[in-house]
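First listed ligand is number 1; within each ligand, the first listed atom is number 1.
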Amino acid sequence: MALIITDECINCDVCEPECPNDAIYLGELIYEIDPHKCTECVGHFDEPQCVQVCPVSCIPVNPDFVEDKETLWQKYRRLQIQAAAPAEIQPPPAPAAD
Ligand code: SF4
Ligand code: SF4
């Protein structure tokens, strides 16, 4: 499952840096979670880190993205591959100018 931030969010900024998948971002009014990046922390931690730190408990399961553990693992692996890809296609650094 992916998680979702409800409108009870108080924009305290605490969850955003805790997400290992960079799935949390500041939306128009409150913080939001990209469901395509949220693995419920599968692959990184035993518990969802954003839920652990949220002071107002406003991060339930997103009912539109109910996924089983295997699907979350697949999402985690896909994200890892995507994260590695840009580095592999980077050109070598240019020689320093004298
Ligand atoms: Fe990020 Fe984990 Fe929260 Fe999903 S559950 S938004 S991966 S911190
Ligand atoms: Fe909102 Fe909770 Fe994240 Fe704070 S920790 S920004 S209240 S979702």
Side-chain angles (χ1 to χ4, degrees):
M1 292 162 276
L3 303 187
I4 189 169
I5 294 173
T6 71
D7 58 9
E8 291 167 274
C9 171
I10 57 172
N11 287 345
C12 72
D13 308 333
V14 171
C15 59
E16 190 267 340
E18 299 298 325
C19 179
N21 293 326
D22 291 330
I24 302 175
Y25 60 96
L26 183 57
E28 227 170 274
L29 296 173
I30 57 172
Y31 277 84
E32 298 180 20
I33 292 175
D34 181 345
H36 301 292
K37 289 186 173 180
C38 175
T39 62
E40 214 178 322
C41 284
V42 165
H44 296 280
F45 300 101
D46 291 337
E47 301 286 338
Q49 297 300 289
C50 55
V51 174
Q52 302 288 311
V53 299
C54 181
V56 294
S57 302
C58 67
I59 316 180
V61 168
N62 187 334
D64 293 330
F65 286 89
V66 177
E67 299 156 309
D68 63 20
K69 205 98 175 176
E70 181 51 37
T71 306
L72 290 171
W73 270 108
Q74 287 171 10
K75 192 193 290 188
Y76 164 73
R77 290 191 203 103
R78 177 174 49 76
L79 289 169
Q80 294 298 107
I81 291 168
Q82 284 176 355
E88 287 168 9
I89 58 173
Q90 290 289 325
D98 291 329

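- Counting only heavy atoms from C-beta outward, the side chains of Cys50 and Cys19 never approach each other to under 4.5 Å.
- The contact set between ligand 2 and Pro55, taken as ligand atoms under 4.0 Å from a residue heavy atom, comprises 5 (S).
- With respect to Asn21, the side-chain hydrogen bond (donor to acceptor under 3.5 Å, both in side chains) criterion is satisfied by exactly one of Lys37, Glu40, His44, His36: His44.
- Every atom of ligand 2 with a heavy atom of Val56 under 4.0 Å away is listed here by number and element: 7 (S).
- Atoms of ligand 2 found under 4.0 Å from any heavy atom of Cys9, numbered from 1 in the order shown, are 1 (Fe), 6 (S), 7 (S), 8 (S).
- Atom 2 (Fe) of ligand 1 lies under 2.8 Å from an N, O or S atom belonging to Cys41.
- Of all the heavy atoms of Ile30, none lies under 4.0 Å from any atom of ligand 2, so neither backbone nor side chain is involved.
- For Ile5, every heavy-atom contact with ligand 2 shorter than 4.0 Å involves the side chain, none the backbone.
- At least one heavy atom of Asp13 sits less than 4.0 Å from an atom of ligand 2.
- Ligand 1 places these atoms under 4.0 Å from at least one heavy atom of Leu3: 5 (S).
- None of Ile33, Val53, Ile4, Ile24 except one satisfies the side chain to side chain contact (heavy atoms under 4.5 Å, CB included) rule with Ile59; the exception is Ile33.
- The Cys12 neighbourhood of ligand 2 comprises atoms 4 (Fe), 5 (S), 6 (S), 7 (S), with distances under 4.0 Å to a heavy atom of that residue.
- Coordination check, Cys50 versus atom 3 (Fe) of ligand 1: passed, since an N/O/S atom of the residue sits under 2.8 Å.
- Checking side-chain atoms of Asn11 against main-chain N and O of Leu29 turns up a donor-acceptor pair under 3.5 Å.
- Ranking protein heavy atoms by distance to atom 2 (Fe) of ligand 2, first place goes to Cys54 SG, 2.4 Å.
- Here the heavy atom of the protein found nearest to atom 4 (Fe) of ligand 1 is Cys38 SG, 2.3 Å.
- Atoms of ligand 1 lying under 4.0 Å from at least one heavy atom of Ile24, given by number and element, are 6 (S).
- Listed by number with element, the atoms of ligand 2 under 4.0 Å from a non-hydrogen atom of Cys58 are 2 (Fe), 8 (S).
- Applying side-chain hydrogen bond (donor to acceptor under 3.5 Å, both in side chains) to Lys75 and the options Glu67, Glu70, Gln80 leaves one that passes, Glu67.
- For atom 7 (S) of ligand 1, the nearest non-hydrogen atom of the protein is Asn21 ND2, 3.4 Å.
- Taking CH2 of Trp73 as the reference point, atom OG1 of Thr39 lies at 8.5 Å (rounded to 0.5 Å).
- We find the SG-CD distance between Cys54 and Glu18 to be 11.5 Å, quoted to the nearest 0.5 Å.
- Ile30 is connected to Val51 through a chain of hydrophobic side-chain contacts under 4.5 Å among Ile, Leu, Val, Met, Phe, Trp and Tyr, so both are in one cluster.
- Between Cys38 atom SG and Leu72 atom CG the span is 7.5 Å, to the nearest 0.5 Å.
- Interface of Thr39 with ligand 1, defined as ligand atoms under 4.0 Å from a residue heavy atom, comprises 7 (S).
- Annotation: atom 1 (Fe) of ligand 1 to nearest protein heavy atom, Cys19 SG, 2.3 Å.
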Take Val42 and Lys69 through the test side chain to side chain contact (heavy atoms under 4.5 Å, CB included) and record every step on the way to the result. CA-CA 8 Å; Val42 165; Lys69 205 98 175 176; 4.1 Å; yes
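- Each of the following atoms of ligand 1 lies closer than 4.0 Å to a heavy atom of Ile33: 6 (S).
- Within the 4.5 Å cutoff, side-chain heavy atoms of Cys58 are placed close to those of Ile5.
- Glu32 and Tyr25 form a side-chain donor-acceptor contact under 3.5 Å, judged by distance and modelled atom types alone.
- In terms of protein heavy atoms, atom 3 (Fe) of ligand 2 is closest to Cys15 SG, 2.3 Å.
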